[in-house]
Structure formats: structure tokens, C-alpha cells
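Have a look at this one before I ask anything.
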Amino acid sequence: MKHTITISSLPNIVVGREDEVKHIKQLLLLGNNHSPKISVVSIVGIGGMGKTALAQLIYNDRQVKEHFKLRLWACVSELFEVNVIIQKILESATGGEGRQGSQLNALANRLEGYISEKRFFLVLDDVWNFDSEKWDVLRSVLNSGANGSKILVTTRFENFAKMMSRGSPDPPYALSGLSSPQSWSLFRQVMSGGEEPLNITSVEEIKEQIMKKSAGVPLAVKTVANLLCLKDPQTEWLPFLRSNELLDAKHNTSLLHNLKLSYQYLPSHLKRCFLFCSLYPKGYRIPVPVLIFQWVALGLIESSEDSRLGLYDLGVQYVMDLTWRSFFQELKIGWSSGISSCRMHDLIHDLAVSLSGSTYTEIDDSTARISKTTYHMSLSHDLWSPAELAVHLGKAKQLQTFFTLFKNWYQSGTNWDDSAFRSFISRFPSLRVLHFKYTGMETLPHHIQGLKHLRYLNISSNDNIVRLPDSITMLQNLQVLHLDYCKSLQELPRDINKLVNLWILKCTGCFALTHMPVGLGELTRLERVSFFVVGQDRLASRPTGGLDELYKLDKLRIHLRIANLGVLRSTIATSWPPSLAFEIGAVANLKGKIHLQTLFLRWDLGTNEWNESPWEEGLRGSEEDAEWDESLLEGLQPHPVLKSFQVAHCRGGRFPSWISSLTNLVTLSLYWCKVRHGLHHLQGLPILRRLIMVGLIELEYMDEDEDGDSCRLLTEEAIQNKKACKPFFPSLKKLKLRQCPKLKGWRRRELLLFPELSKLFIEHCPLLTLMPVFPKLTKKLKLIGGSLEPLLCTMNWLSSLGHISSSSFSSEVGSMQYPLSKLKKLVIFCIDDPPREWLQGMQHLTSLQEIKINECSGLEETLEWHNLSHVPNITIDKHNINRDGQFLWDIYGWDNFHQILKVWKHLSFNATSCGCSCFSLYQLT
């Protein structure tokens, strides 16, 4: 396949890229002490986005010409061959033809001689392929240039850009689409040289349709303009724009050809996966785990025997490959669960639809094409009753995929009763993927057993389902059973062990589940069990599965939530020793589950989530109960690979000793526990970034060891003696403390250093008098309830160290006389009668951009408001006290400003901004 060779001359028409040119020029022209001798800047985007045009603008920029001694250009195209690329660079440099057929050494020597000790700017345009070894060879030749030389790469493939930019300080620049005004401006330039088109009506709708069609892609805008220039503005523009003809092959547009090139370069397995995505609506945020489950069910993921990756991990690799090739974008990535969702650019979605034919059909209106060659189908709108739907889909007798995309029950509109569902599944016996979320069904019919080929069944968010039919265990090929938020579901099928191919069992939010079935532990292929409920009574007529069902499930990965652990105490004779609890916990073999990343242990079912009253009631118990819970928690030790650990409603007073072994832990959350000892082990967690403590009703100090290593303490004595202070939480970025009524501080007598903390939330901790020291608290400080004493004491304490030279601080502590000087947002709620001096230190918070103060009585009596004059956005009781760049105290004077504050306290309406109403508020006083 041949591409047209791109030249470095100025493009014909470019609109709306001023910011991009400015940004990339800064990367090219400004020096960086950390940059290598020759650094790489990359531009990434889908076909037609204008990467080459942007590179041409930069290449011909006056400042760029003056800064670099040489400017070179080479269109790399589909072959990444070093000798071919060097030939093109030499042709660009000499204006000649180069030496066709020359050997690599001769070409390399010639280029080295030409660029030696010269600062050059090289554009490698349209990189379609990449070989790291060949890139290293080319880099070694280019290293003959002078320091400060730059290479600008344009490509559709993010992974190529990252590999070519390795060692450079700047990440690839993702080129986005034009805005609606920019798209209209470009359209006018193409149509009429920038003039407004004449004799057209409905201009705003035309603008809207052009943006909808083009999605801001410049080539698409130009294509629309070129197509419309041959049509009557009055009668043909809007009908064409409302149609789906833009990517129609009959137009033979360069846009379609441009986008198809990317598709043609996909490996065959990625082509199939990409076409499947045409079933999702345009702009839809695709849930990546669900997408991968569907790919697996349809056999679209190829697993080789020598592959060390499981099917899900291979699916993630497919998603990343499609992302790097610009088919997916806007990935959302969780800190422990991996990729959660992605989107397709609108034009990429159009490409998928245009290529999928009738094989893949998204039903978004009653005109959707359905034929006997339709094998995969999605329904995004409630168009027909269930009975009517079955009739409309009747031609697709070999249907393999059907899923609904309703966002809630109201959007589905119609309940699928037993007869409707039975009629539907009887018509399509070849189904492999069946996704019936939010359909309002009350039962799953016994006839589900007729879907012998079914591999993926999703009936999540159907609140009325109480039980599943035992016949579901006849689905021997079933791999994925998705039951999330079936809130009335009480039990799973008793013979679940017959589902020998079951791979995923998702039942998050099924709070009515009373137990897990016996035999679950025999499903050794299971990789996900999202919600495991400990049964109340294993001696009942229908036995229930206990923690021992987890023993053999060593492939479990990502997330596991074990609920109702508290019943184990009530089902065991109270005379039995707490050591038995350790053995009961250990039988789950959590330590052997090396793929598990998130673990949530709850001593209740969690039906009330974080409702506070039931939590406090449930924490009551004897000392024996507390010892039992402590011992059970010790037995539930996970593998050190764990990234997130949560505990709720545990009565034990001591935290497990193994917590310090979780060296990969990123998040720790404790909800309504009676723990009061053992938290000092947390200081051994090197990468802990989030700590949430809610309802720790007995906790007084985080670290009760008064005689611990003083080098962890930020005391004046330690600083004066120039001791190397070690941080307590070296990596913690977010800390939330809520409803800890006895919490007084971190240590009984000293402060601790949290060197990386950027977000701090303190809510209803009335006895807390001193916050930790946080030299990098930059994003947000939120104080709710209690008093301002922690803030005041911390600031006063730091001020008292002002006489100590900054050179006395260790490198970890740095000069932090006012560590809040980098804080951007301060939120204070429900704090009564704040002391008058609370504003005195605010002048040192020089980075503050926003202050929110709500429901703080006595605030109007606070003095020295001028200390906040440097803050651009101040809101008090939802009223903004800035107006036209001035503060109310400057406009009306101090006395009147205090009167306005009093009025706000008594007015019933809300205002997001004072505007001119400030004066009327003043008049009311």
C-alpha cells in the first residue's frame, strides 16, 4: 500500500490550532535540563485530525526557522527502514534525489557529516510501523547533531509515540478535535473563503449537524463542505446532514479512505473485536470488563498454549492495542481494578458501523436493518413490547448476541414477564451472549436451559428476581453469570458446581443473599466472585457454603468482598476459644490468592451501607466477642500483593499484625470498627496513598508508642539536632477522618510528618487538637464539625519554629514554616463561633484559589477579613463575596460587610453569586 508522500510546505487551510502550535513550539524551543541531547516530541491522533498539517505549521514557523540551523522532513509511511528514512532526510536536506540503492553505512556517514554539530529540527511524519532496534540505529546516526536538536513525530499509534519518546521529558501530545466555532470557521473557509454562506435557513441546526457529523475532525469538516458545495443550501443541506451518508462508499471520500487505512493495518483478531464495538451507541462509555467478557464468550480472544496471560488479561491487552492505535480513547483506569471504561471517537464509531454491514446491528430506531445475516444485535431504546421485539427480530434466526443498553428501568419502559422472556429465548437457540440489564423481569424462566450455547448471561439490576431456576445449571457452556444489584435475590442455584466452565460470578449489591451454595469451591476455573456471603446456619435442611468454599479458588483476581462474617460467632458455641476463629478464617486461604487486588471484609451484610446508627448498635459486644473478631481477622490474612483493603464493623480492638506485610497496599479503609491498637504497623506501608477512617469510636491516637523512634517525630529538638526525620506515611496523598469521637492526635506528645499529603478531610472529630504536618498539602483541606483548633494549633506550632534556620531541616522536611502555603482549596462547614484569630495566618496561604464556608455561626464577628484579599473565590453560605474583582468589604466598608453576613444568616433563599443583590442585602439591614 502506497501513501502520498507528505511535503513540508504550508497546508492549504488550517483553523483553530493556535494553542497547539504554541504548546508544541514551547516544547521545541525551550531548553530543559533533564532533556537528552536529542529529544523527541510526538503528536498522536486519529486519521484526519490534522497531525501533518500541524507539523507543517510548526515546521514553517518563523521562530522555529531562526532557532534551528537545519530543518529536515521525512514521511516514514508504512515501512520503518533506516536506509529509506535516511534517504528521505537527505533528500529533504539537499533538495536532490539522494543516492538510490546506497548502502546503510554510506547513507549514515553522509547524514552524520551533514548534521554534525548542527542543531536540527527533524519531522518524522506519518509513522505507521516501528522497530525498536531500527529506531536505535537511526537515533545513533542522528546523535551527531548538536545539543538541543529536536525530532517531531506524527503517528496514529500512541504506543509508537511512547517508545520513540522514551527518555524525553514530554509525553505524547494527543491532538483533539476542533470546537464547534472552530469547525464552523473551517467549514466557511472551505465553502466560501471565510464568508458566511448565503441563502440558507436554520443556520444553528446546520452548525450543530456539522459538528455532530465531523466530531471536530478537520478532514471530516472539509469533506462535509466539499460534499455540500454541490448541493442546494435551501433544500438539500439539512436532509444530507441528517442522513448517515458521510462515510458511504459511494462518495469515495478521502475521509473514508483515511480512516480505513487504520483498520486495514489491524491484525485479524483486533478487526473482529473492533467491529463488535459497533453495537454500542455513538458516544457511549463502553464498560471494558463487560466488553472483554463478551469478546471471550464469542471466541474473539485467541489464547495460545504458551501464553502466560489469562483470557481477561489478553482482553485488556486487546483494549490497550486498540487504544494505542487510536480506535479507543478516554480510558478510565482504577487504581486497583484496571481499565473500567473507554470511548470511541464518533468518526471511528461511524467507521465500525460502515464496515460491520448487517452482521452487527444496533437497534436505535424502528428502521434498523435486520436480516438473516444479522448475528449480533443491541437495543438502546424501548421501541416495541417484548412480544413485538421477538417478531421484529424474527429474521435473525442465527442470532448469537443480544444485549440491552438501558441506563435505568424507566428507560426500558416495559417489564419482561416470564412468558415474554420464554418466547424470546425459544426463537433464538443459538444465543451465546444475552444481556438483559434493567428489563424489569421478575423471574428467569425454567426454559433458559434451552440455550445450550449460552456463554454470557447478564440479568443485573433487575430488582424483583428472588431466585434463579435450578435449570440454569444445565448451561454447561456458561462462562459469565452477571447478577449485580439484583437486590431481592436470596440464593444462588443449589447445584452450581455443575457449571463447570463458569469463569465469572458477579453479584455485587445482592444484599438479600443469605448464603453461598455448597459446591461453589469445586468451580476451580472461577476468577471472579465479587460478593461472598457467609451463611447463617450450616446445619439447616438446606446446607450453606462456608469460608471453606474459598479454599481451592486460587485463581480469584481483582476484587473479593466477604460479608456477614459476624454470624460465625453466633453459630459457634460461645465456650469455644477465640483461637478457633483464627482457624476458621485461615481455611479461606486468602493468603494463597496471589491475583487478588482488592479485599473487603464486612462483619455484616452491608445492606445499610454507611448508615451510622446501625453501625454503632452492631459494635456492642463482650470482650470475648472482641477477641473472637481479632482472631478471625488474623486468620483472614491476604497475600502481600493486595492493593486495596477495607474492613467494616469489626469489634476487635487490635489491628492484625500482618498488616505491615502488605507492602503493595495503596488504599486502606476502616469503617465503624472498635480498633484502638496496632495501627502503628501502618507506618511500614511504603506506597499507601489513601487512608480512610470512619467511625473508629475507640481510637485515641494512631501511634500509641510513646517511646518510639524519635527520628520519626517532627519536634524542635529533632530539628535543632539536625536529625533525619522519617515520615510516618511516606506516600500518603489522601487522608479522611470522620466520626472518630475520641481521636485526639497521632501521638500523645509529638507531631508526625506526612510529606506527600495533598488532600485532608476532617469531619466530626471534636477532640482532635493537632493535625499532622503536611508540607505538600496542595489540593484540598476540608474541616466539618468540631472546631478550628486543629488548624490553629498546627499553624501556631509551625510559626513557633520560625526562629529555626531552614538549613536545620532535613531534605525530607524542607522549609515548611507555613506548609499550607501551597493549598488551593479550603472548605469549612458547621464550625460554630470560630475564634477571632483564625484569619491571622491566612495571609501566608498564598496559593489559595477558593474558600468555602457554610453554616458557621458567629462568623460575622470574625475580624481581619483583609487577610483573605488574595483569594479570588470566597463563598460564604453559598454567597460569593467577590463582585467585579472587588470584595464586599472594599465596596461597602467593614461595618456594612458584617451586617451583610448577618443578613445572609437569616435569609431563606440561596444565591450562587451576589451580583447586584449585594446592595439590596445591605439595604435590608
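Side chains are part of it too, since the values below use all heavy atoms of this structure and drop only hydrogens, waters and symmetry mates.
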field: Val76 side chain reached by Asp126 side chain, heavy atoms, under 4.5 Å
entry: no
field: By ring-ring contact (aromatic ring centres under 6.0 Å, His included) - contacts of His595 (at least two apart)
entry: none
message: Could you check whether any side-chain heavy atom of Val217 comes within less than 4.5 Å of a side-chain heavy atom of His345, counting everything from C-beta outward?
response: yes
- prompt: Pick one: which of Phe130, Trp128, Trp324 meets ring-ring contact (aromatic ring centres under 6.0 Å, His included) with Phe157?
  reply: Trp128
- request: Hey, could you give me the NZ/CD distance between Lys222 and Gln189, rounded to the nearest 0.5 Å?
  value: 10.5 Å
- prompt: Are Glu158 and Lys162 within salt-bridge range, i.e. N to O under 4.0 Å?
  reply: yes
- line: Cys273 meets the side-chain contact (heavy atoms from CB on, under 4.5 Å) criterion, sequence neighbours left out, with Trp295, Leu300, Tyr318
- prompt: What distance do Ile115 atom CD1 and Leu70 atom CG have between them, rounded to the nearest 0.5 Å?
  reply: 8.0 Å
- line: Sorted by chain and residue number, the side-chain contact (heavy atoms from CB on, under 4.5 Å) partners of Asp346 (sequence neighbours excluded) come out as Ala215, Lys282
query: Rounded to the nearest 0.5 Å, what separation is found between the OG1 atom of Thr52 and the CG atom of Leu57?
result: 11.0 Å
message: Measuring only between side-chain heavy atoms, which start at C-beta, is Leu186 closer than 4.5 Å to Pro218?
response: yes
- request: Mind checking ring-ring contact (aromatic ring centres under 6.0 Å, His included) for Tyr280 and listing every partner two or more places apart, or none if nothing turns up?
  value: Tyr284, Phe403
task: Check side chain to side chain donor-acceptor pair (under 3.5 Å) between Arg17 and all other residues, then give those that pass, not counting sequence neighbours.
output: Glu20
field: Among Val40, Val82, Val127, side-chain contact (heavy atoms from CB on, under 4.5 Å) partner for Trp135
entry: Val40
query: Do Ile85 and Phe80 come within less than 4.5 Å of each other through their side chains, counting heavy atoms only?
result: yes
- line: By salt bridge (charged side-chain N to carboxylate O under 4.0 Å, His left out), Arg689 pairs with (sequence neighbours left out) none
field: salt bridge (charged side-chain N to carboxylate O under 4.0 Å, His left out) involving Glu66 - partner list, sequence neighbours excluded
entry: Arg62
statement: Distance col, row Leu122:CG vs Lys150:NZ, nearest 0.5 angstrom, shows 13.5 Å
- line: Contacts of Arg285 meeting salt bridge (charged side-chain N to carboxylate O under 4.0 Å, His left out) (sequence neighbours excluded), chain-then-number -> Glu330
statement: By side-chain contact (heavy atoms from CB on, under 4.5 Å), Arg166 pairs with (sequence neighbours left out) Met163
Asp61: partners by salt bridge (charged side-chain N to carboxylate O under 4.0 Å, His left out), with sequence neighbours left out: Lys25
field: Pairing residues for Ser179 by the side chain to side chain donor-acceptor pair (under 3.5 Å) criterion, not counting sequence neighbours
entry: Gln182
query: Please, which pairs that meet salt bridge (charged side-chain N to carboxylate O under 4.0 Å, His left out) have at least one residue in residues 171-182, sequence neighbours excluded?
result: none
Residue Lys65 excluded, over 12 heavy atoms near NZ under 6.0 Å: yes
query: Going by distance alone, is a donor N or O of one side chain under 3.5 Å from an acceptor N or O of the other, for Lys37 and Ser149?
result: no
